[in-house]
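What follows is a set of notes on a single structure, which appears directly below.
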Amino acid sequence: MIQQLGPILVLAGVVIGFVFLMIFLTNLAGPKRLSSPRKNMPYECGIPGTNTAGTKFSVKFYLTAILFILFDIEVIFLYPWALIYVDFLKQGPFIFVEMVVFMAILTFGLFYVWKGHALDWD
Amino acid sequence: MSLDNLHVGINHYLVLSGILFSIGVLGVLIRKNAIVILMSIELMLNAVNLDFVAFAKFSQNIDGQVMVFFVMTIAAAEAAVGLAIAIAVYKRFQEVNISRFENLKG
Amino acid sequence: MAGLNIEDVLFYAFGAGTVLSAVLVVFFANPIYSALFLALAMSMLGALFFVLEAYFISVAQITVYAGAVMVLFVMVLMLFDLKNEGEDILKVSPLGLIKLLAVGLLCGFFIGTGWVASKIPGKVISETSMASDQQTAINKDVQPVDIGSTVSLSRQLFSKYVFAFEAVSILLLVAIVGSVALARSKGGTHHVSR
Amino acid sequence: MFGRATLWIGIKLKMGTSPFEFLINTLKVALIFIMTVNIVPLLVWVERRGPAFMQNRLGPNRVGPLGLFQLLADAVKFIFKEEFIPENANRVLYFMAPGLCLLPAALTFAAVPLASPIHIGDYTFKIQIADINVGIVYIFAVASLGVYGILSAGWSSANKYSLMGALRASSQMISYELAMGLSIIGILLIYQSFSLNDMVLAQEGPLKFVWQGKEIIIPFLPNWGVWYQPVALILFMTAGFAETNRLPFDLPEGEAELVAGYHTEYGGFKFNIFFMAEYAHMITASALITTLFFGGYSLGFANTAQVTQFWAEHGQSAAGMLGISIADAATVLTSLTHLAAFSLKTGFWLFIYIWVRWTLPRFRYDQLMDLGWKTLLPWALANVVITTTIMFFAHVGN
């Protein structure tokens, strides 16, 4: 376990150290100019910003995220299945039937989402 | 404090997941924002997952890890549908306070 | 055997980190910070699973929980303009005190049993594997169960738990249909019904 | 009491490796990370001069020979930029976002095997940061954490356009993660192992597979994954482009579209860190394409034993110079040849990334999401089903 986790933690430490070093270096070396309110306005190609960032957004963003979770579970179940597929095939076609049923149901779900125009970006 | 009970056994994992579970319960009871309540429920389910894996390791029985799979599926489906409801309530009432959820009919 | 080895140090590091970020999840006014801290707590739990040698479970935890469910939470919270939602949790109400007391008792119960169990050697599942002798008795032909390898996990998943595996696809289908219906029933995307 | 405990913990801390090995491993990890960070300016140089020649203009050639030091000048220039924080941005998340973006991008490179291990005396030295036995799935898990950096960057800079860019970038990334995850299931079906080392070892030697009990060997083709799974290669490459927000999928940070997407409000070295994260994702994606489909560090025609044997005969001079035995010098030279093969293949795929950027126009957002959900995902599912049925006929019953 430690042979695999040790280097990852060391790498994470090296990366975090690198990021802090660089940001600290920029603070040290960067010029300290005065910050005028005009300069601090959000950058919108010079057009003065109309309203704050919390404007209304379309529903499609989180519907994609919801569907991503549900199909990600399917992918997670497919990973262990892919490992033992050939071994279990030697004992007969049962493992094949299992997966076809699983994927058929979820592909029907994808088909429902597709035909239900839930994925169409207006 | 002698060092031998510092060595990690099954009890330490059970205590850790007990603490996480009670923090989740605290979150559900105290907070009024529906989404944070959903998050606390996710935290409680994670505490249960930790228990499953700890038992799988210390009793050398793989079924614990298999159960974690199914707990994960249920938690993800519940979070997805729960958030869809919270979004519907937000679009209607402009806030996600738990008191708004009493108006759900049917 | 006395003395700390690396698994214990990692357990205490990740365990303390998870508990700390779990507490921050509950006590942060701004829900976006609590969502980010919950994602941190879940990634640390993934690391704890790695320490517990459940390699595929730790990867699945990070992909599904920290990488998908919490992304949805963070996205939804960012979409809502919740700046005014910063409720004041620390306003002490008598009801709040009772809740706090109740949860304190629950937590004390967990810690207490853990402490008592560690005092009684061998009663609860000790380090020596209690169930492994029954395990080998049950399925003779299956190769010895090696906790770390994903193959033994999937071998068990697709032989003993096949029915549950098929039920999972039905559950996912119901969740897909449900969330699509919920999202669509609120009318179009831009107008907000007052 | 406390002093004795810490001393006690220090001695008993069985780090799994002796302190000497731990030092070597830390050095190796730091070296590989510094190497990836240094490849980024090289890639930027190729990105500026390569397309310049495509459009028959010169590209940077003032600073240093062929403009190579131009990149050093850019990096140093970034350090001297002013530290700028937009008006009502929340500062903690604003500063953490670049780190949150770079950390997953750098951690994904941990599982990629660069060359065959070196044996010196009884000590084997793996040219790889961490030989994780759930390699490929670990890479996708850590890559899925990259979304948090983008979301917090977009949200914390309190700019309507950057929030919009962040949401678009993250929903694009998660949609293509699905297709990427499904596309490698075909590869897993063939190699039956998550560890990338096993995959590379399985891809050595001539192309041979079992068809209903009969072993078929095609001597002139190397045993690469691309012959078994061509569709998965196309799906994986397209999803790889989208995952790293590279053209033709870089609408969220497209200049014409959304000012500069989620890193609009960032200047100075923080912007450079976002840039490095994108290039680190690109390097990992092309390294994965070579490892999964084109045999990783293995030479197509000869497997590791033959290469070691070849160097054992011709490696006397190197053995003398390094002062180790012939056999050890042979392993060192073999891993060098493997490293050269690996970097050649990965370099080729990195050039493809850059080349495509200057040939394809940018997708509209709905085209982009439709491609993800309505083309790549069904194709990936179909690929898995077809591979399963073919393997069903190849293996059933024997």
Side-chain angles (χ1 to χ4, degrees), chain B residues 3-12 14-16 18-20 22-23 25-27 29-33 35-36 39-40 42-43 46 49-50 53-54 56-63 65-66 68-70 72-77 79-81 83-88 90-92 95-96, chain C residues 2-4 7-8 11 15 18-19 22-23 25-26 31 34-35 38 42 45 49 52-54 57 60 64 69 72-73 76-77 80 85 87 89 96 99 103 106-107 110-111 114 117-118 125 127 129-132 135 145 147 152-153 156-157 161 164 168 171-172 175 178-179 182-183 186 192:
Chain B
L3 272 174
D4 51 18
N5 66 5
L6 264 184
H7 176 58
V8 175
I10 185 86
N11 307 322
H12 296 73
L14 299 186
V15 165
L16 173 66
I19 296 171
L20 285 178
S22 29
I23 294 172
V25 168
L26 184 67
L29 294 180
I30 280 190
R31 290 299 290 254
K32 282 190 277 305
N33 181 343
I35 295 181
V36 179
M39 278 194 246
S40 314
E42 289 294 318
L43 189 59
N46 270 321
N49 273 348
L50 179 62
V53 177
K57 174 174 191 228
F58 285 101
S59 69
Q60 290 302 316
N61 177 354
I62 203 85
D63 294 354
Q65 293 189 7
V66 176
V68 169
F69 260 80
F70 299 125
M72 241 181 236
T73 324
I74 295 161
V81 177
L83 268 165
I85 298 172
I87 294 155
Y90 181 81
K91 281 184 102 64
R92 178 67 185 77
E95 60 164 355
V96 201
Chain C
L4 285 168
E7 280 84 8
D8 308 339
F11 164 77
T18 318
V19 168
V23 165
V25 163
V26 174
S34 61
L38 186 56
M42 285 175 182
L45 263 177
F49 290 162
L52 273 167
E53 280 145 16
I57 295 293
V64 169
V69 172
L72 171 64
F73 274 106
V76 163
L77 286 169
F80 296 165
E85 283 289 324
E87 68 214 75
I89 305 132
K99 288 176 189 171
V103 172
L106 176 71
C107 193
F110 283 127
I111 297 176
S118 70
I125 301 168
E127 271 81 358
S129 54
M130 172 270 292
S132 71
Q135 177 71 33
V145 174
I147 288 297
S152 52
L153 167 73
Q156 194 79 342
L157 178 62
Y161 292 91
V168 154
L171 172 74
L172 288 178
S179 47
L182 264 171
K186 281 303 126 195
V192 175

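Convention: sequence-line order gives letters A, B, ...; per-chain numbering from 1.
- Annotation: side chain of F70(B) is in contact with side chain of L157(C) (closest heavy-atom distance under 4.5 Å).
- Of the listed residues (C107(C), G15(C), G178(C)), the greatest number of heavy-atom pairs within a distance under 4.5 Å of chain B belongs to C107(C).
- Looking at heavy atoms from C-beta onward, L106(C) lies in side-chain contact with V25(B) at the 4.5 angstrom threshold.
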Inset, instruction - Any chance you could lay out the side chain to side chain contact (heavy atoms under 4.5 Å, CB included) test for L50(B) and L52(C), step after step, and finish with the verdict? - result: CA-CA 10 Å; L50(B) 179 62; L52(C) 273 167; 4.3 Å; yes
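- The minimum heavy-atom distance between S34(C) and V36(B), with the atom names listed, is OG-CG2, 4.2 Å.
- For the atom pair CZ of F49(C) and CG of N49(B), the computed distance is 5.0 Å after rounding to the nearest 0.5 Å.
- In this structure S179(C) satisfies the side-chain contact (heavy atoms from CB on, under 4.5 Å) test together with I66(A), L70(A), A84(B), sequence neighbours excluded.
- Heavy-atom minimum distance, A117(C) versus N11(B): CB-OD1, 4.0 Å.
- Separating the CG atom in L45(C) from the CG atom in L20(B) is a distance of 6.0 Å, to the nearest 0.5 Å.
- The closest side-chain heavy-atom distance from M39(B) to L77(C) is below 4.5 Å.
- At a threshold of 4.5 Å between non-hydrogen side-chain atoms, the residues M42(C) and N46(B) count as touching.
- When side chains are defined from C-beta on, P31(C) does not count as touching I35(B), because their heavy atoms never get closer than 4.5 Å.
- Both the backbone and the side chain of V53(B) come within less than 4.5 Å of a heavy atom of chain C.
- Taking the side chain as every heavy atom from C-beta outward, F73(C) and L83(B) approach each other to under 4.5 Å.
- If you tally non-hydrogen atom pairs under 4.5 Å between each of L26(B), V81(B), I19(B), L43(B) and chain C, the highest count goes to L26(B).
- Closest non-hydrogen pair, M72(B) versus I57(C), comes out as CE-O, 4.1 Å.
- For the pair F69(B)/L153(C), a side-chain contact is recorded, criterion being any heavy-atom separation below 4.5 Å from C-beta on.
- For the pair F11(C)/L16(B), a side-chain contact is recorded, criterion being any heavy-atom separation below 4.5 Å from C-beta on.
- Closest approach of D63(B) to Q156(C), counting heavy atoms only: OD1-NE2, 2.5 Å.
- For chain B, the nearby parts of V19(C) are the backbone and the side chain; heavy atoms of each come within less than 4.5 Å.
- Annotation: maximal heavy-atom pairing with chain B below 4.5 Å, among L172(C), V64(C), V103(C), occurs at V103(C).
- The heavy-atom pair separating Q65(B) from A54(C) by the smallest distance is NE2-CB, 3.2 Å.
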